[in-house]
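Structure first, commentary second.
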Amino acid sequence: AKFIPEFLINNEKEKIKTAVVFVGLIQLTISAVIVIPLMLLADDIAISVFGTELASLPISLIALSFFISTIMSLLQRTFQGLGKIFYFALVEPLRLSTAFISAVLLIGMGVAGAASSYLLASVVVSLVLFIALLWAFPPIKAKPHADKRIFKKILFFSLPLAVAGFGSM
């Protein structure tokens, strides 16, 4: 979201998609590094932590929800950078209402139903935001370009933040 207003002011709209795609690839890669082992080891984690394999499904659903939420967050931050505050603000009410309604409908599934509702909420909000982005900002349909200057700019800005984030864990 930091560089999008800069690109808008400088009338470099073609760089926005490149920046969003680059940041998205980094975020999805980091999410995949976390989610894939969780899903592959869900049975073992369920037995070790909860003493039953029944917890495996909720662990996998929550992990998948985490991955999809990365897309949702990227789209939300894109709207923030574009100054489309209505869409930015729409995320939490839509996510919470979708999670609540689906949790009520899936209550019979127990914990797996609650985990499924969060996954469903992430998917629904991500789809709504993606469609809204295509509608609200047509230049996003442009093909991204591999621009080393944008990559360097984003990396030099985000690397200290990532190190600080990991250091605070």
Side-chain angles (χ1 to χ4, degrees), residues 1-4 17-82 84 87-134 140 144 146 150-151 154-169:
K2 184 222 182 292
F3 295 105
I4 294 173
K17 185 169 185 178
T18 300
V20 170
V21 167
F22 180 65
V23 170
L25 288 174
I26 291 172
Q27 290 180 339
L28 288 172
T29 301
I30 292 169
S31 291
V33 166
I34 295 167
V35 168
I36 291 170
L38 275 176
M39 292 185 75
L40 291 175
L41 300 171
D43 290 341
D44 296 326
I45 294 169
I47 292 169
S48 297
V49 175
F50 301 104
T52 178
E53 251 185 47
L54 294 174
S56 177
L57 178 60
I59 290 170
S60 296
L61 291 170
I62 290 169
L64 194 55
S65 174
F66 173 77
F67 185 79
I68 302 295
S69 291
T70 303
I71 298 167
M72 181 182 71
S73 177
L74 174 69
L75 292 168
Q76 183 182 27
R77 300 297 172 235
T78 301
F79 278 117
Q80 181 182 23
L82 291 171
K84 306 284 186 185
Y87 298 107
F88 172 80
L90 180 71
V91 171
E92 287 307 311
L94 182 59
R95 183 182 69 83
L96 292 174
S97 60
T98 303
F100 177 75
I101 291 167
S102 59
V104 169
L105 294 173
L106 300 173
I107 200 163
M109 292 175 60
V111 176
S116 296
S117 69
Y118 279 100
L119 174 58
L120 181 64
S122 296
V123 169
V124 167
V125 173
S126 294
L127 287 173
V128 167
L129 289 179
F130 182 73
I131 292 166
L133 183 62
L134 293 176
I140 204 73
I150 294 174
F151 299 152
I154 292 171
L155 281 177
F156 284 126
F157 175 76
S158 62
L159 197 57
L161 295 174
V163 169
F166 285 120
S168 68
M169 287 185 180

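As the structure is a prediction and not an experimental result, all values here were calculated from the model.
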Please report the interatomic distance [atom1]([X]) to [atom2]([Y]), rounded to the nearest 0.5 Å.
X: Thr29; Y: Ile34; atom1: OG1; atom2: CD1; answer: 11.0 Å
X: Leu119; Y: Ser60; atom1: CG; atom2: OG; answer: 11.0 Å
X: Ile45; Y: Ser56; atom1: CD1; atom2: OG; answer: 8.5 Å
X: Phe66; Y: Ile62; atom1: CZ; atom2: CD1; answer: 12.0 Å
X: Phe67; Y: Met72; atom1: CZ; atom2: CE; answer: 13.5 Å
X: Ile59; Y: Asp44; atom1: CD1; atom2: CG; answer: 10.0 Å

Can you list the steps and then say if Ile30 with Thr70 is a side-chain contact (heavy atoms from CB on, under 4.5 Å)? CA-CA 10 Å; Ile30 292 169; Thr70 303; over 6 Å; no
Has [X] got a side-chain atom pairing as donor or acceptor with [Y]'s backbone, closer than 3.5 angstrom?
X: Ser97; Y: Leu94; result: yes
X: Ser31; Y: Leu28; result: no
X: Ser73; Y: Ser69; result: no
X: Thr98; Y: Arg95; result: no

Mind listing the closest non-hydrogen atom pair of [X] and [Y] along with its distance?
X: Gly24; Y: Leu74; answer: CA-CD2, 3.5 Å
X: Pro58; Y: Ala55; answer: CD-O, 3.2 Å
X: Leu61; Y: Ala115; answer: CB-CB, 3.8 Å
X: Val91; Y: Val125; answer: CG1-CG1, 4.0 Å
X: Ser102; Y: Leu120; answer: CB-CD2, 3.6 Å

Do other residues, nucleotides or ligands put more than 12 heavy atoms under 6.0 Å from the OH atom of Tyr118? no
Got a sec: does the CD1 of Ile107 have more than 12 other heavy atoms crowding it under 6.0 Å?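 Counting neighbours around CD1 of Ile107, 12 or fewer heavy atoms of other residues, nucleotides or ligands fall under 6.0 Å, so no.
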Kindly indicate whether the side chain of Arg77, heavy atoms from C-beta on, has any atom under 4.5 Å from the side chain of Phe88. yes
Please examine the side chains of Leu133 and Leu129, heavy atoms only from C-beta on, and report whether any two atoms are closer than 4.5 Å. no
Side chain to side chain contact (heavy atoms under 4.5 Å, CB included) partner of Ser116, the single match among Leu105, Leu57, Leu106: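 Single pass found, and it is Leu106.
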